[in-house]
Amino acid sequence: TIDRNPTDGERSSTVQIRGRNILDKTHISVNVSQPETRQSDAAIDVIATTLERGDTFRINISHRHQPTAGVPAFEATRDNEPLRYVDVAHSFSNAEVSNSSFLIRVSKTRVQQMGIEPETVVMHRYHDNEWQRLTTKMVRETKTHYIYRTQTPGFSTFAVTAPVPRLSVNKASLEQK
């Protein structure tokens, strides 16, 4: 069985997934969308993975405005800035999963406010003491959100990022009156 339970009541942005008596090589896909995260700039809606070694497992997914303690903030660079952090804590090693992915929802309003193209949203994963860019592809859109699929080799802390809007001056002139 897989239980999808908010850990702190319905208003929580943390979801706990528990699996018991899972067979080896079982693929799971769980909708982890919560009422609180539906109004945020970005959130994970679905987590999917294949458990190479079954039995019992636990996954906690927490949406945050700041990274988990011990993880440095994603540095806003000339390329990207974080919209939201997601911590995926788990009871298995990353070597025990394969075919892992997320469906991510990003607010159209936020994308429009930033003045960016929706295809430029990217997920980053914090692993081996660095933020690593993950392949992220827009797969569809709804009336209010863009939906992306991101493949990941394992679970840890993630940042949903978007390009930083830049202003550049191509030619400047000064006139005296």
Side-chain angles (χ1 to χ4, degrees), residues 1-75 80 82-107 121-140 142 145-161:
T1 64
I2 298 173
D3 301 323
R4 184 181 66 93
N5 296 321
T7 58
D8 296 320
E10 282 303 309
R11 305 261 323 139
S12 174
S13 61
T14 299
V15 173
Q16 182 179 74
I17 303 167
R18 293 177 297 181
R20 293 184 282 289
N21 302 319
I22 303 296
L23 299 174
D24 290 355
K25 308 239 183 253
T26 296
H27 186 77
I28 63 167
S29 180
V30 181
N31 182 330
V32 296
S33 178
Q34 291 294 297
E36 181 178 286
T37 63
R38 289 182 197 127
Q39 303 305 316
S40 66
D41 289 342
I44 291 177
D45 277 349
V46 176
I47 182 173
T49 193
T50 298
L51 299 160
E52 298 299 325
R53 185 184 64 79
D55 199 20
T56 300
F57 72 91
R58 176 193 48 77
I59 302 172
N60 286 336
I61 302 167
S62 302
H63 293 84
R64 304 172 182 275
H65 294 287
Q66 299 297 320
T68 304
V71 174
F74 183 88
E75 299 266 339
N80 291 82
L83 298 175
R84 181 70 103 162
Y85 292 95
V86 181
D87 184 54
V88 182
H90 47 90
S91 62
F92 45 81
S93 76
N94 283 320
E96 295 175 301
V97 295
S98 62
N99 302 315
S100 301
S101 65
F102 299 113
L103 280 183
I104 307 158
R105 177 181 13 86
V106 177
S107 162
V121 171
V122 176
M123 184 84 128
H124 286 79
R125 176 182 181 221
Y126 189 74
H127 182 68
D128 288 339
N129 297 315
E130 67 178 357
W131 285 101
Q132 301 168 352
R133 184 183 181 107
L134 299 175
T135 301
T136 306
K137 181 179 180 185
M138 189 173 83
V139 293
R140 69 178 182 273
T142 68
H145 291 86
Y146 295 107
I147 310 298
Y148 302 85
R149 180 176 309 283
T150 296
Q151 303 294 325
T152 180
F155 300 115
S156 56
T157 298
F158 298 86
V160 180
T161 68

Q: Only counting residues at least two apart or in another chain, list the ones meeting ring-ring contact (aromatic ring centres under 6.0 Å, His included) with His63.
A: none

For the [atom1] atom of [X] and the [atom2] atom of [Y], what is their distance to the nearest 0.5 Å?
X      : Y      : atom1 : atom2 : value
Ile17  : Asn31  : CD1   : CG    : 9.5 Å
Arg53  : Ser93  : CZ    : OG    : 7.5 Å
Leu103 : Ser29  : CG    : OG    : 7.5 Å
Gln16  : Asn60  : CD    : CG    : 4.5 Å
Phe158 : His124 : CZ    : NE2   : 12.0 Å
Thr152 : His127 : OG1   : NE2   : 9.0 Å

Q: Tell me yes or no: between the side chains of Arg84 and His65, is some donor less than 3.5 Å from an acceptor?
A: yes

Q. Taking atom types as modelled and ignoring hydrogens, do the side chains of Thr136 and Thr150 form a donor-acceptor contact shorter than 3.5 angstrom?
A.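 A pair is found: one side chain offers a donor N or O, the other an acceptor, under 3.5 Å apart.
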
Minimum heavy-atom distance between [X] and [Y], given as atom pair plus value:
X     : Y     : value
Val15 : Val32 : CG2-O, 3.5 Å
Arg58 : Ser91 : N-OG, 2.8 Å
Arg64 : Thr68 : NE-OG1, 3.5 Å
His27 : Asn99 : CE1-O, 3.9 Å
Thr49 : Ser98 : OG1-O, 3.4 Å

Does the side chain of [X] reach to within under 4.5 Å of the side chain of [Y], using non-hydrogen atoms?
X      : Y      : answer
Met123 : Tyr148 : no
Gln132 : Glu130 : yes
Val121 : Tyr146 : no
Asn94  : Pro153 : no
Leu51  : Val97  : yes

**Q.** Worked check of side chain to side chain contact (heavy atoms under 4.5 Å, CB included) between Ile59 and Phe92
**A.** CA-CA 9 Å; Ile59 302 172; Phe92 45 81; 3.8 Å; yes

Q | CA sep, side-chain torsions, deciding dist, call: Phe155, Ile47, side chain to side chain contact (heavy atoms under 4.5 Å, CB included) | A | CA-CA 10 Å; Phe155 300 115; Ile47 182 173; 3.7 Å; yes

Q) Can you say whether the rings of Trp131 and Tyr85 are parallel (under 30°), tilted (30 to 60°) or perpendicular (over 60°)? A) tilted

Q.
side chain to side chain donor-acceptor pair (under 3.5 Å), that's the test. Do Thr157 and Asp87 meet it? Break it down for me.
A. CA-CA 4 Å; Thr157 298; Asp87 184 54; 2.9 Å; yes

Do the side chain of [X] and the main chain of [Y] share a donor and acceptor less than 3.5 angstrom apart?
X      : Y      : answer
Ser156 : Tyr126 : yes
Thr161 : Val122 : yes
Thr142 : His145 : yes

(Q) What verdict does the side chain to side chain contact (heavy atoms under 4.5 Å, CB included) test give for Ile28 and Phe57, after you've listed the backbone C-alpha separation in whole Å, the side-chain angles of each residue and the deciding distance to 0.1 Å? (A) CA-CA 12 Å; Ile28 63 167; Phe57 72 91; 3.7 Å; yes

**Q.** Pairs flagged by salt bridge (Lys or Arg N to Asp or Glu O under 4.0 Å) wherever residues 21-34 is involved - sequence neighbours left out
**A.** Lys25-Glu52

Q: Would you mind checking if Arg105 and Asp45 are paired as a salt bridge, meaning a charged N to carboxylate O distance below 4.0 Å?
A: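 Yes, charged N to carboxylate O under 4.0 Å.
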
Q | Derivation of the side chain to side chain contact (heavy atoms under 4.5 Å, CB included) call for Val88 and Arg125 | A | CA-CA 10 Å; Val88 182; Arg125 176 182 181 221; over 6 Å; no

